[in-house]
J.: 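Once you've had a glance at the structure underneath, I'll fire off some questions.
The model shown is predicted, which means the values in this text are computed figures rather than measured ones. Naming: A, B, ... by sequence-line order, numbering from 1 per chain.
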Amino acid sequence: MAGPTELRSLQEDGQASVPTAVGSFRVRVGRSLWNAFREMSWPTKACASWLVLIVTAAIFADWIPGLQDPNYQGFLFGKGKTLDPPSMEHWLGTDNVSRDILARVVHGARTSLIFAGGVLLCGLVVGGLLGSAAGFLRGRFEAVVMFYVDVSLAFPALVFFLFAITMLNTRGLGIMTVAVAILIVAPYTRIARANSLSVSNREFVTAARAIGTSRPRILVREIIPNVYPTLVAYSLIVAAVLVILEATLSFLGIGVPIPRASWGGDINMARRDIAINVWPMIPPILALVATILSVNVVSDWLRSNAASRSSAL
Amino acid sequence: MRLVATLLLVTFVTFMATSLLPGDPVNALIPIEAQQDREFVEQVREEWGFNDPLLVRYGRWLGDAVRGDLGDSYVTGRPIIDEITPRLPVTGELMVVTVLLGILIGVPLGLVSGYREGSRADKVVSAVAQFGLSIPNFVLGLVLIYVFAIKLRWLPATGWTRISDSVTGNLKSVAMPAIALAVAEVAVYLRVLRSDIIGTLKEDYILSARAKGLKDRFILFRHALRPSSLTLTTLIGLNIAGLITGTIVIEQLFAIPGLGRRLFSAVFQRDYMMVQGLTVLLAAAYVIINATVDFIYIAIDPRIRRRA
């Protein structure tokens with residue numbers, strides 16, 4: 001079955017391909033993303049589109065024309081009603097202190113994105129590098145790194161987080177990102193180390209050693225590029241968990257402090273009026289569930305499609 | 001051995017983190033008016049042993065902890081262990097009911113959709129599972145509260161009736177929280193069992209069982225489900241550990257007087273001793289459950305057992 005697809009995937013994995021200029025690389029990535037999108041079934045397409053939409057909205061939240069200030073409470077100035085149903089002025093209505101729900105949902109997406117993005121970046125960079133180095137260098141360095149991993153994996157995430165915010169006596173997006181990032185480094189390190197161990201035994205690493213390549217150079221040029229694809233795929237699974245975690249923490253009142261918009265926090269605010277008016281709760285819930293579902297669906301799709309490619313590596 | 005080492009580490013890290021805090025724990029013990037009285041403060045410090053070296057304090061604290069004495073709450077003044085014990089059965093019941101629901105619903109569904117891979121039933125079940133995994137438990141809890149407590153008025157929205165007070169009342173109070181937690185469990189069990197069954201059904205011994213003329217149902221239960229029971233055991237163990245996090249959230253939402261809710265109130269009261277005690281307890285439970293799962297896994301799998 002050495003068909004053209006297998007040949008193509010070999011080249012795309014970068015193992016056999018000749019280094020290309022950055023410009024053409026960008027074009028290739030853009031085109032392959034578009035091709036990937038065309039190959040998806042329609043539910044997957046819808047999910048991918050939703051992710052693109054929500055991420056774009058989150059990034060450009062401040063510059064979207066007509067989007068209101070998420071913290072503007074119109075009723076204080078006699079210009080708005082609380083718990084207003086959807087209207088031309090407020091497309092998704094207003095919440096219990098007359099803030100525009102659409103604006104809060106968009107800005108809530110930004111909170112979620114900053115948190116998930118920051119934590120993932122820490123996991124990828126710190127965990128990925130530590131694990132790659134541990135698996136390749138072995139020895140005392142590996143022992144110290146794995147010691148940290150073992151301790152960190154022994155704490156249930158929420159318990160550690162509650163412990164951390166009590167002892168540090170602060171709340172906020174920053175501390176939340178850092179605390180969770182400290183925990184997320186552990187699984188990343190573990191996966192990176194396992195990959196690094198197996199890559200270290202591959203022929204091309206032996207070959208590099210044989211021609212006298214220095215160890216740091218092997219680590220950077222041979223090990224790390226082969227460890228990262230798995231980590232990136234893992235990141236999507238983690239992303240879904242992180243979106244849930246941010247919403248949960250904010251819902252419990254220990255995540256981002258009010259009045260900052262957050263889906264979980266807004267659901268918690270709306271919960272108080274659940275018996276009177278359930279509407280303000282619905283938009284953040286739908287946005288939250290749609291986002292988690294989309295991340296899960298896209299990550300499943302990626303895994304089932306990447307399985308055939310990584311086997312060619 | 002490894003288990004003991006990890007436990008020691010966990011307790012040490014927790015203790016150190018609490019002790020190295022800025023701020024004097026003595027301030028939490030005595031009223032503000034008395035804090036100006038240097039002599040009195042010093043006396044209290046000496047009495048509570050705050051002046052000893054850190055390692056000595058850790059040793060003493062660990063020695064007490066092993067004997068079940070986690071210290072006294074800064075806020076209520078009662079021994080922490082006394083506040084924890086009546087709450088254990090509540091959290092325990094919630095967890096057991098959740099896992100039971102997960103198995104009773106997840107396993108049959110997983111079997112069916114694995115056996116009928118690609119059928120319409122399989123597609124529906126898989127889609128529902130995907131959806132179930134994407135709803136955070138607190139959102140599900142809120143939806144349940146809205147439908148069953150506010151609209152239909154069938155179940156109480158919050159609170160807890162002990163099983164010794166009323167069995168039906170207890171069932172009513174455990175129903176919604178357990179369902180909110182169990183949906184994700186069902187989805188996980190179902191998905192893993194499904195892919196397990198699909199893999200096992202392709203094995204040669206299944207083919208030979210078919211060739212012998214055994215009934216499909218017999219093959220499915222006796223030949224296919226058996227190897228999957230290993231995966232399920234591991235998964236259930238891992239999920240019980242993960243449920244610790246879930247119960248904290250759900251207990252808070254449904255106002256259930258379990259361990260998680262106590263941890264929460266301690267966080268808001270800044271009751272360091274209580275937070276420390278519960279953190280150590282929950283982390284230790286987590287480590288021990290994981291180790292037990294590894295052990296059970298070795299014990300029930302003849303292939304690994306023989307090698308070990």
J.: Could you state the interatomic distance from CZ (A:Arg271) to CZ (B:Phe138), rounded to the nearest 0.5 Å?
T.: 10.0 Å
J.: Given heavy-atom pairs under 4.5 angstrom as the criterion, report whether the side chain, backbone, both or neither of B:Phe264 touches chain A.
T.: side chain
J.: Could you look at A:Val243 and say if it's the side chain, the backbone, both or neither that has a heavy atom under 4.5 Å from chain B?
T.: neither
J.: Sort A:Asp300 into side chain, backbone, both or neither according to what part of it lies under 4.5 angstrom from a heavy atom of chain B.
T.: side chain
J.: Measure the OG-CD1 distance between B:Ser134 and A:Ile292 for me, rounded to the nearest 0.5 Å.
T.: 6.5 Å
J.: Where on A:Phe147 is there a heavy atom nearer than 4.5 Å to chain B: the side chain, the backbone, both, or neither?
T.: side chain
J.: Among B:Thr279, B:Ile248, B:Leu278, B:Val275, find the one that has a side-chain contact (heavy atoms from CB on, under 4.5 Å) with A:Leu162.
T.: B:Ile248
J.: Check each atom of A:Leu288 against the heavy atoms of chain B and say whether the ones under 4.5 Å are side chain, backbone, both or neither.
T.: side chain
J.: Could you tell me which portion of B:Leu7 (side chain, backbone, both or neither) has an atom closer than 4.5 angstrom to a non-hydrogen atom of chain A?
T.: neither
J.: About how many Å separate CD of B:Gln252 and OG1 of A:Thr248, when rounded to the nearest 0.5 Å?
T.: 12.5 Å
J.: Quick check for you: among A:Leu252, A:Ile267, A:Val151, which has the greatest number of heavy-atom pairs under 4.5 Å with chain B?
T.: A:Leu252
J.: Would you mind checking which part of A:Ile254 comes under 4.5 Å of any heavy atom in chain B, side chain (CB onward), backbone (N, CA, C, O), both or neither?
T.: side chain
J.: Tell me, side chain or backbone of B:Val249 under 4.5 Å from chain A's heavy atoms, or both, or neither?
T.: both
J.: Write down the atom of B:Gln276, the atom of A:Phe163, and the distance for their closest heavy-atom approach.
T.: CA-CE1, 4.3 Å
J.: What part of A:Phe251 gets within 4.5 angstrom of chain B, counting heavy atoms only: side chain, backbone, both, or neither?
T.: side chain
J.: If you compare all heavy atoms of B:Leu142 against all heavy atoms of A:Ile274, which two are closest, and at what distance to 0.1 Å?
T.: O-CD1, 4.1 Å
J.: Can you tell me which portion of A:Val278 sits under 4.5 Å from chain B's heavy atoms? Options are side chain, backbone, both or neither.
T.: side chain
J.: Mark yes when over 12 heavy atoms from residues, nucleotides or ligands other than A:Tyr148 sit less than 6.0 Å from its OH; otherwise mark no.
T.: yes
J.: Does B:Val267 reach the side chain of A:Ile165, with side-chain heavy atoms less than 4.5 Å apart?
T.: yes
J.: Between B:Ile150 and chain A, which part of the residue has a heavy atom less than 4.5 Å away: side chain, backbone, both or neither?
T.: side chain
J.: Please rank A:Ala240, A:Pro43, A:Ala247, A:Gly264 by heavy-atom pairs under 4.5 Å with chain B and give me the top one.
T.: A:Ala247
J.: Can you confirm whether A:Arg190 is buried at CZ, in the sense that more than 12 heavy atoms of other residues, nucleotides or ligands lie under 6.0 Å from that atom?
T.: no
J.: With a cut-off of 6.0 Å (strictly less than), are more than 12 heavy atoms of other residues, nucleotides or ligands near CZ of B:Phe131?
T.: no
